[in-house]
Undergrad: 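Before anything else, here's the structure in question.
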Amino acid sequence: MMHLAVPRIEASQFDDLDPRKYILIKGARVNNLKNVDVAIPRNKLVVITGLSGSGKSSLAFDTLFAEGQRMYVESLSSYARQFLGRMEKPEVEYIKGISPAIAIEQKVNTRNPRSTVGTSTEIYDYLKLLYARIGHTYSPVSGNLVKKDSVTDVVNYMLGQEEGTRVMILAPLLVREGRSQQEEMTILLSKGYNRIVLNDEVVQIEDVLENPDNYSQAGNQIFILIDRAGIRHDDEDTQYRLSDSVQTAFFEGEGVCIVEVVNVEKRVFSDKFELDGITFEEPSVNLFSFNNPYGACKRCEGFGKVLGIDPDLVIPDKNLSVYEGAIAPWRTEKMNEWLSPLVRNAAKFDFPIHRPFKDLTAEQKELLWTGNKYFQGINDFIAEIETQTYKIQYRVMLSRFRGRTTCPDCRGSRLRKDASFVKIGGASITDLVLMPIQDVSTFFKKLEVSQHDREIARRVLTEIETRLDYMIRVGLGYLTLNRLTSTLSGGEFQRIKLATSLGSALVGSMYILDEPSIGLHPRDTQRLVGVLESLRDLGNTVIVVEHEEEVMHAADQIIDIGPEAGTGGGHVVFQGNQEDIAGLRDSGFDPDEEDVKSHTLDFLLGNDSIEVPKIRRKSLHHLEIKGARENNLKELDVKIPLNNLTVVTGVSGSGKSTLIRKILYPAMMRLKGEFSEEVGKFDELSGSTDRIEAIEMIDQNPIGKSSRSNPVTYIKAYDYIRQMMADLPLSKARGYKPSHFSFNVDGGRCEICQGEGQVKIEMQFMADIYLTCEGCNGKRFKQEIQEVRYQEKDVAEILDMTVDEAIEFFRESEPKLADKLMPLQEVGLGYVGLGQSSNTLSGGEAQRVKLASFLGKGSSNKGKTLFIFDEPTTGLHFHDIKKLLKAINALVEQGDSVIIIEHNMEVIKSADWIIDLGPEGGDKGGYLTFTGTPEEMTKLEDNYTATFLREKI
């Protein structure tokens, strides 16, 4: 039994343990797990840690979660199970005490262009319900409340008069199409009505019909007299009679009823939802749904974007004033006639034509578009040009200023325009979805509504406030509810799912999370820990696969899987709590002296660490970005040094990815004449751009879309293996070519599974299941191809080897192949199988495979490549970060430039140069708060990154 000198539960004690208090796993052998026995305490926060590839996910997801799912399926009816019967049991002797399992992984599962943060968290569903129930509609013309009168309202008005007051209930006489007034009155007689009010005088209908000349006057106002009565407060019969008469008046007047208090006043009531000559839609849930044709904005069809005039193309240089030609289409001699009235009359309405556009107020900027009585604005100009599009020069002009822009009707909220007329507390649902969640939460905390509305909305308001609070606690207060789910990082998406799970308040469940701290600044990690503790305190077992030290310190129990990665892992090398670790520290415990090494304990006990570099590299050249203003960036000017290691830091949502991924990367790609995605808004990219010949973005996207893609094909080492197998005598005798050893083309691959090794079983209404192919038993190749052997190994067995095993195996016989595989080992991927499918690699592993491919091929642009890494420490243990930094520094040593977007303090302290954005996320972020060396940064006060960096340096 592999263990350390620490207290832990042995398998022999399992029989005495209560499955109501422990989840008991016995004999787990999934992937690289070595017959693992472990007892996980229930209703605790448990962190499973260890090197990348040591077996953490195999234990948490492939064993615990898979068994939880399978047991759920077992509980279904036999009819449902006939579709699911082939769901395989994980390789484990038994698991007892398991709860319903909920896995919260990093994958952003949706690319749906209509899925937003609001819909994913269900906050938007509650907002729709809230606005449909207690929203009040206000006219955009007068700003007055729009309401319709009910029968009760009219009766209450009449009963509010003094006892004995005489009232008349009237309805306007409507003349239908094709009839005359006389015909309408004749019909009234047949209905039983006798009197009308004509010019404030009550007359008999018969008199009017007999002597029409006596009553014919221009502009006659005719009302049907429905009823007249004296007000009696305590008489039920009077109330019934008035109600009945009002209902009749609304029917005859098609929604209009007039009450005349005799000799006092005449008041018009309407049961139509209208005001200022506009008929409004009554608030309903569908009115606020952009996924429904009824509620979606008519202009953008619920997508929030339209092909229209791009303001940044119309006013490209924000440093220019109006007088200097900030408005691009008005610069020509002919179009200057639109600018002249503005320049000439600016003093009359106090407009600063010499002030740079960026310094104008929001109202002044808006005025340029809308115009006033002194000049016509840009909107009028565009409208005028659009009427001239039969002329080619005007079509060309319009095309120069078009782009995908926020829909002007719905302001990007996707809702029909009149949905914004409905307000609660002075804010429409459109206003709320465009605010950062932090501000929305503040709005609801301060919201004051009437007692009646509070009663109706109490439950909904509680749900909204709770969910908003959880979103802030998981560090996502900077997002807007309107933000597309597909634009979120894996860490953000995972935390959204975590907040949603908290909002649903399940108890007695088992939550399994995959590195929820990804993408979080250390400032926010403490909040995340609080959220995980809330989930536990509700009565759930929370199991977290994590490398973050802060989360480990908060855990009720740590389970360390190891000691190494891949085949060298799969054992429980430590299980204990903080007291156990403190006890080991006090006793001078040294993991190196034990029979099994724990890299986690090494770092937690301070026996191993990542050294602070002795010197910081100086740079002679740099890139400079000016006027960056995409998303929340505030007109940023920043210099990025070349030929060294630059780390971009800042709290989540401060603008790091926007600056590097949306501005620098696509702008450099276009500069080099290569295709790139849309470039974010900025003024200028200058500096030593000629010193960069290639730009490589190394992010966490999968290394191949095909499930047949794997690490050796990506680093081009598989070509060598196929040629080696084709050169063997048996291959030559049978006429096998290198293509026979490929699982991508027909020939040698198994035709049943098409070289996949697995067969997909479609599960209709549930996730598809993959089973080992019965034709090749998962080997991917035909039987005759497997007969070709190199040193007693066939091609399938070679692909089953780990990188470490393969380097050892080929070191003497095929040194060139061993050299090609070395970069994978250098970046800490020695445990990965040569033929492991790329879609089983984590984001961090995929990123390191890409890094290995650059280290391996010795770029032809050596010394002239700009490498951009987006959080390369994702999924990495301290021990692996050490290896990663060594590999990245190797790139810098050969003269390349490296930019890393990162929150990990070990990487930040190893930087030559830090660029820090902040100070907060969202609207309060986007400022440049610091540039310089780590040592200089530690001197800063009131800087989140500096606070945590001081602890490391």
Side-chain angles (χ1 to χ4, degrees), residues 29 31-32 34 53 564-570 704 708-758 772-773 775-838 840-841 845 849 852-853 855-858:
R29 297 178 296 280
N31 297 335
N32 65 337
K34 309 289 195 309
E564 300 298 331
T567 51
R708 289 190 283 269
S709 162
N710 55 44
V712 281
T713 57
Y714 194 82
I715 63 166
K716 302 290 186 276
Y718 193 44
D719 298 344
Y720 196 98
I721 294 172
R722 288 192 291 125
Q723 187 62 55
M724 179 186 80
M725 298 301 287
D727 287 342
L728 292 172
L730 183 56
S731 294
K732 288 183 174 176
R734 292 182 176 180
Y736 293 159
K737 299 280 184 288
S739 61
H740 281 81
F741 298 93
S742 167
F743 33 67
N744 286 323
V745 293
D746 293 342
R749 71 179 181 182
C750 168
E751 290 307 323
I752 295 173
C753 63
Q754 303 285 296
E756 296 269 7
Q758 295 178 317
T772 303
C773 171
C776 61
N777 287 325
K779 297 277 191 178
R780 309 193 195 190
F781 294 95
K782 291 176 181 171
Q783 186 58 44
E784 55 267 33
I785 297 295
Q786 293 176 44
E787 289 167 9
V788 178
R789 304 178 80 79
Y790 177 90
Q791 293 185 12
E792 300 307 309
K793 285 193 184 288
D794 62 42
V795 66
E797 288 168 335
I798 288 172
L799 289 172
D800 281 342
M801 285 195 281
T802 65
V803 170
D804 287 339
E805 290 168 343
I807 289 172
E808 195 61 41
F809 183 74
F810 291 114
R811 180 166 281 144
E812 291 178 13
S813 59
E814 298 288 342
K816 281 187 179 175
L817 177 56
D819 287 345
K820 271 194 168 299
L821 296 172
M822 281 299 289
L824 284 171
Q825 194 179 52
E826 286 170 23
V827 296
L829 291 175
Y831 62 88
V832 170
L834 294 186
Q836 185 175 334
S837 174
S838 65
T840 65
L841 298 176
E845 287 169 334
V849 170
S853 78
L855 289 171
K857 67 187 178 192

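Heads up: numbering here begins at 1 and tracks the sequence.
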Undergrad: Not counting sequence neighbours, which residues clear side-chain contact (heavy atoms from CB on, under 4.5 Å) with Q758? List them please.
TA: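 Q758: side-chain contact (heavy atoms from CB on, under 4.5 Å) contacts with Y770.
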
Undergrad: Can you list the residues that meet the ring-ring contact (aromatic ring centres under 6.0 Å, His included) rule with Y720, with sequence neighbours excluded?
TA: none

Undergrad: N777: which residues meet the side-chain contact (heavy atoms from CB on, under 4.5 Å) condition with it, sequence neighbours left out?
TA: none

Undergrad: With sequence neighbours left out, which residue pairs that include part of residues 798-809 fulfil the salt bridge (Lys or Arg N to Asp or Glu O under 4.0 Å) condition?
TA: E808-R811

Undergrad: Starting at CG of L824, measure out to CG of L834 and round the result to the nearest 0.5 Å.
TA: 8.5 Å

Undergrad: Atom NZ in K820, atom CD1 in I807: separation rounded to 0.5 Å?
TA: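 So the NZ of K820 and the CD1 of I807 are separated by 13.0 Å.
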
Undergrad: Hey, what do you get for SG (C750) to CZ (F743), rounding to the nearest 0.5 Å?
TA: 13.0 Å

Undergrad: For P711 and V832, work out which heavy atoms get closest and say how close.
TA: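 Residues P711 and V832, closest heavy atoms: CG-CG1, 3.7 Å.
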
Undergrad: Which atoms form the tightest heavy-atom contact between A726 and P738, and what is the distance?
TA: CB-N, 3.6 Å

Undergrad: Is it the case that atom CD in Q791 sees more than 12 heavy atoms from other parts of the structure closer than 6.0 Å?
TA: yes

Undergrad: Of all residues at least two apart in sequence or in a different chain, which pass the side-chain contact (heavy atoms from CB on, under 4.5 Å) check with E797?
TA: K779, R789, K793, D794

Undergrad: Quick one: list whatever passes ring-ring contact (aromatic ring centres under 6.0 Å, His included) with Y831, sequence neighbours left out.
TA: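 Y831 satisfies ring-ring contact (aromatic ring centres under 6.0 Å, His included) with no residue once adjacent residues are dropped.
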
Undergrad: Could you grab the distance from atom CG of L799 to atom CZ of R780, nearest 0.5 Å is fine?
TA: 6.5 Å

Undergrad: Can you list everything that forms a side-chain contact (heavy atoms from CB on, under 4.5 Å) with S731? Sequence neighbours excluded, please.
TA: L728, Y736, F741, V788

Undergrad: If you round to the nearest 0.5 Å, how far is CG of L730 from CD of E784?
TA: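 If we round to the nearest 0.5 Å, E784:CD and L730:CG are 11.0 Å apart.
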
Undergrad: Applying salt bridge (Lys or Arg N to Asp or Glu O under 4.0 Å) as the test, list every pair that has at least one member in residues 726-746; sequence neighbours left out.
TA: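 Output for this query lists R734-E787, D746-R749.
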
Undergrad: Can you tell me how far CG of L821 sits from OG1 of T802, rounded to the nearest 0.5 angstrom?
TA: 10.0 Å

Undergrad: With distance as the sole test, does K34 use its side chain to make a donor-acceptor pair with the main-chain N or O of G568 at under 3.5 Å?
TA: no

Undergrad: Apply side-chain hydrogen bond (donor to acceptor under 3.5 Å, both in side chains) to Q836 and list each qualifying residue two or more places apart in sequence or on a separate chain.
TA: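 Q836 satisfies side-chain hydrogen bond (donor to acceptor under 3.5 Å, both in side chains) with T840 once adjacent residues are dropped.
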
Undergrad: Taking all atoms of both residues into account, what is the closest heavy-atom pair of C776 and F781, and its distance?
TA: CB-O, 3.7 Å

Undergrad: Can you name the closest pair of heavy atoms from A852 and V827 and give their distance?
TA: CB-CG2, 4.0 Å

Undergrad: For residues 790-821, pull every pair meeting ring pair (Phe, Tyr, Trp, His ring centres under 6.0 Å), keeping only residues two or more places apart or in separate chains.
TA: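 Qualifying pairs, neighbours excluded: Y790-F810.
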
Undergrad: According to salt bridge (Lys or Arg N to Asp or Glu O under 4.0 Å), does anything in residues 716-726 pair up with another residue at least two apart or in another chain? List the pairs.
TA: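 For residues 716-726: D719-R722.
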
